[in-house]
A.B. asks: 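Submitted below is the structure of interest, expressed as structure tokens.
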Protein chains: 2
Amino acid sequence: MVPAETAAATELLAVRAAELYYEENKTQDEIGAILRVTRWKVGRLLAQARERGIIRIEIVHPRARRLALERDLSARFGLKDAVVVPAPADDAELQARVSEAAADYLVSHRPVPRLLGVSWGRTLHQVAEALPSGWSTAVNVVQINGGVSLSKRPGTAAATAVMIAQKAGGQATLLPSPAILERLETKKAIEGDRTVGGVLGMARGASAYLYSAGVADTSSVHVDSGYLTPADIAGLVERGAVGDVIGRYITADGTIADPELDARTLGLGLEELRAAATSILVIGGEPKHAVARAIVTHGLCSVLVTDEHTARALLSEPGDDTSLRADTGLESATTASREDAS
Amino acid sequence: MVPAETAAATELLAVRAAELYYEENKTQDEIGAILRVTRWKVGRLLAQARERGIIRIEIVHPRARRLALERDLSARFGLKDAVVVPAPADDAELQARVSEAAADYLVSHRPVPRLLGVSWGRTLHQVAEALPSGWSTAVNVVQINGGVSLSKRPGTAAATAVMIAQKAGGQATLLPSPAILERLETKKAIEGDRTVGGVLGMARGASAYLYSAGVADTSSVHVDSGYLTPADIAGLVERGAVGDVIGRYITADGTIADPELDARTLGLGLEELRAAATSILVIGGEPKHAVARAIVTHGLCSVLVTDEHTARALLSEPGDDTSLRADTGLESATTASREDAS
DNA sequence: GGTGGTCGTGCTCATATGAGCAGAAGCCGG
DNA sequence: CCGGCTTCTGCTCATATGAGCACGACCACC
């Protein structure tokens with residue numbers, strides 16, 4: 001035999017084998033006959049072709065998931081579960097797919113939560129809409145952060161919780177309070193109110209939480225709703241805020257950006273969220289990568305539902321911005337994961 | 001059972017099964033256990049997913065081929081053989097791949113031709129270069145149409161034939177004549193010359209032909225070489241010429257565009273090419289779709305080596321573009337090439 | 001309400017495939 | 001030229017998979 005460029009020859013053979021196997025669906029035996037090699041060699045050739053990525057198998061379907069990414073995310077961030085959907089180019093479509101996936105997850109999640117704590121926002125509303133009627137039986141729902149009574153489109157927050165409860169044939173308990181109060185005393189007073197206090201107590205006892213997160217910019221629902229001014233947001237950003245989780249603005253290292261503001265924010269606390277057995281974060285889209293990273297790297301969620309771009313962003317090197325802000329010792333205390341430079 | 005939206009539910013199940021099978025490579029049994037169906041159902045689900053195109057298997061490799069298209073082409077146009085390569089976005093790259101594929105084909109083609117008739121041009125030169133040294137033993141080569149003595153880069157035509165022969169350890173016989181003569185008498189005289197006549201005779205006896213084709217526009221090698229002026233080309237286009245085959249300009253319906261010019265063109269005739277047992281056309285790229293169609297639909301080649309876009313264009317409805325080209329006249333002729341990524 | 005047709009199901013069984021192994025074939029430093 | 005090394009080859013055998021079949025559910029049309 002000519003000991004010529006065997007490497008290239010083998011590769012070409014592998015390509016031919018792959019074509020015959022996957023496109024012509026011939027049997028490895030037949031391929032062996034055609035390429036004049038034994039069927040075992042054909043098998044090895046195909047294995048090699050798969051390893052070397054010559055053969056690409058892709059599942060093209062809106063409801064497809066990226067299981068490999070899910071596994072990586074779970075491992076890297078110590079999540080109980082992760083759902084990653086393929087990202088369409090269109091952002092609206094992406095949000096819809098992520099929301100759908102969250103609804104699917106909720107439907108099939110076991111054990112079924114007795115009481116589900118929910119936040120509100122555009123994403124959560126989409127999740128609620130994506131849930132099928134009768135998605136569960138007798139799941140009660142409780143709001144975990146202040147509503148959106150000042151909103152131009154009032155009732156969104158309430159509608160979300162109610163819809164989720166209704167579709168499961170359960171009761172919704174709303175939190176009848178603004179999200180952020182102007183004065184600390186007012187907040188304390190409202191918190192002390194029997195009704196509000198009762199709801200908060202109930203929220204603390206929920207067996208699972210479902211929430212999304214907002215970006216720290218002027219497109220936030222908080223600005224839209226009048227709780228914060230663009231100037232407030234600017235101030236928060238200056239303090240390193242990357243976004244809000246159930247109304248509380250956090251920095252990249254997972255801490256409260258502005259404690260004074262946070263004290264006036266009514267609802268479940270970050271620590272309560274962190275301590276929860278099941279806290280499902282639904283988040284997708286490029287602008288939210290930073291918040292998503294902050295939440296996920298600091299153990300604020302136990303289940304993540306997102307798109308593949310976000311997933312990849314989370315898994316890739318945290319990069320410069322994190323190191324800028326997180327050179328305190330705090331990071332190691334709150335981080336459940338370590339970054340390995342692979 | 002809830003007789004709910006079973007179609008959608010089945011599809012989703014198929015997607016999940018596909019993920020587990022192809023991405024996680026679990027066994028159908030295991031998948032059955034996970035999805036709570038029998039393993040037979042999993043098999044059926046996967047079959048369905050493949051049918052419905054949910055699973056896309058692709059072979060990504062420069063040397064990959066599109067066997068399905070090859071089969072379709074052979075069937076549709078009664079070819080003895082077809083080679084279709086995937087088309088890269090870059091046109092230069094595409095030409096290279098098609099040429100390589102042609103070289104591969106030549107190497108493995110059986111029976112090995114005793115005498116190979118070749119034309120010349122950019123494509124053929126690339127094929128020659130892509131042939132490995134010692135690609136065969138004792139294959140002699142003969143030029144089948146007039147050379148390019150007037151060329152700015154002289155010797156290309158000769159170099160191509162010589163290189164092919166040399167790499168097979170054979171002899172090259174060149175056709176020492178211009179491609180197109182200015183006067184019919186001159187052509188007849190040269191044709192009558194012992195040497196030239198002998199070579200032509202030899203060319204007629206070749207056991208296989210290898211050639212490409214040019215587009216009827218000013219970028220043609222004929223203009224480059226000075227055999228034709230841009231005005232000549234414009235005239236040809238007006239007569240419906242779509243391109244040239246071994247120097248002879250043909251229309252979309254496979255006939256000689258300008259008999260007077262053709263009479264002055266020296267080399268193998270179209271009928272001789274059509275009658276040949278093996279005539280290998282190497283052609284690729286969007287601008288050449290029209291010529292390719294003309295050649296292939298009128299039996300001028302028995303083997304086609306091309307790219308997948310050209311293949312698809314040939315297989316799709318003949319219709320509009322041909323007629324469009326015919327009446328746009330010069331405009332389409334002078335447009336060197338428009339790359340489109342369809 | 002019967003009755004034939006179509007569909008989906010779970011099976012048996014033949015076949016295709018991958019794991020694992022023993023021997024052959026290069027490959028190299030003595 | 002030789003032993004030790006890795007790499008490749010062709011095999012045996014267990015397992016995974018698809019074809020084909022019989023049965024039951026469902027449906028439409030009498």
A.B. asks: Using atom OH of A:Tyr21 as one end and atom C1' of D:dG18 as the other, report the distance to the nearest whole Å.
C.D. replies: 11 Å
A.B. asks: Looking only at the side chain of B:Thr27 (C-beta and beyond, no hydrogens), which of the listed nucleotides D:dG10, C:dG8, D:dA16 gets closest?
C.D. replies: D:dA16
A.B. asks: Starting at atom CG of A:Leu45, determine the distance to atom P of D:dC8, rounded to an integer number of angstrom.
C.D. replies: 12 Å
A.B. asks: Between D:dT17 atom C1' and B:Glu30 atom CD, what is the distance in whole Å?
C.D. replies: 14 Å
A.B. asks: Quick one: B:Arg36 CZ to C:dG10 C1', roughly how many Å, whole number?
C.D. replies: 18 Å
A.B. asks: Within this structure, what is the CG-to-C1' distance between A:Leu13 and D:dC8, rounded to whole angstrom?
C.D. replies: 14 Å
A.B. asks: Just the rounded figure in Å: distance from C1' of C:dG18 to CD of A:Gln48.
C.D. replies: 15 Å
A.B. asks: Ion pair present between A:Arg63 and A:Asp104, side-chain N to carboxylate O less than 4.0 angstrom?
C.D. replies: yes
A.B. asks: C:dT15 phosphate, OP1 or OP2: any side-chain N/O from A:Gln28 under 4.0 angstrom?
C.D. replies: no
A.B. asks: Below 3.5 Å, does any donor atom in the side chain of B:Arg44 face an acceptor in the base of D:dG18, or the other way round?
C.D. replies: no
A.B. asks: With the side chain of A:Lys41 defined as its heavy atoms from C-beta on, choose the nearest nucleotide among C:dA19, D:dT9, C:dT17.
C.D. replies: D:dT9
A.B. asks: Quick check on A:Gln171: does its CD atom have over 12 non-hydrogen neighbours (other residues, nucleotides or ligands) under 6.0 Å away?
C.D. replies: no
A.B. asks: What is the separation between atom CH2 on B:Trp40 and atom P on C:dT12, rounded to the nearest whole Å?
C.D. replies: 7 Å
A.B. asks: Please determine, by modelled atom types, if B:Tyr22 and B:Arg50 share a side-chain donor-acceptor pair under 3.5 angstrom.
C.D. replies: yes
A.B. asks: Considering heavy-atom distances to DNA chain C, does A:Asp29 or B:Thr38 have its closest nucleotide positioned more toward the 5' end?
C.D. replies: B:Thr38
A.B. asks: In terms of side-chain geometry, is the basic nitrogen of A:Arg16 or A:Glu19 positioned less than 4.0 Å from the acidic oxygen of its partner?
C.D. replies: yes
A.B. asks: Given D:dT15, is OP1 or OP2 found less than 4.0 Å from the side-chain N or O atoms of B:Arg39?
C.D. replies: no
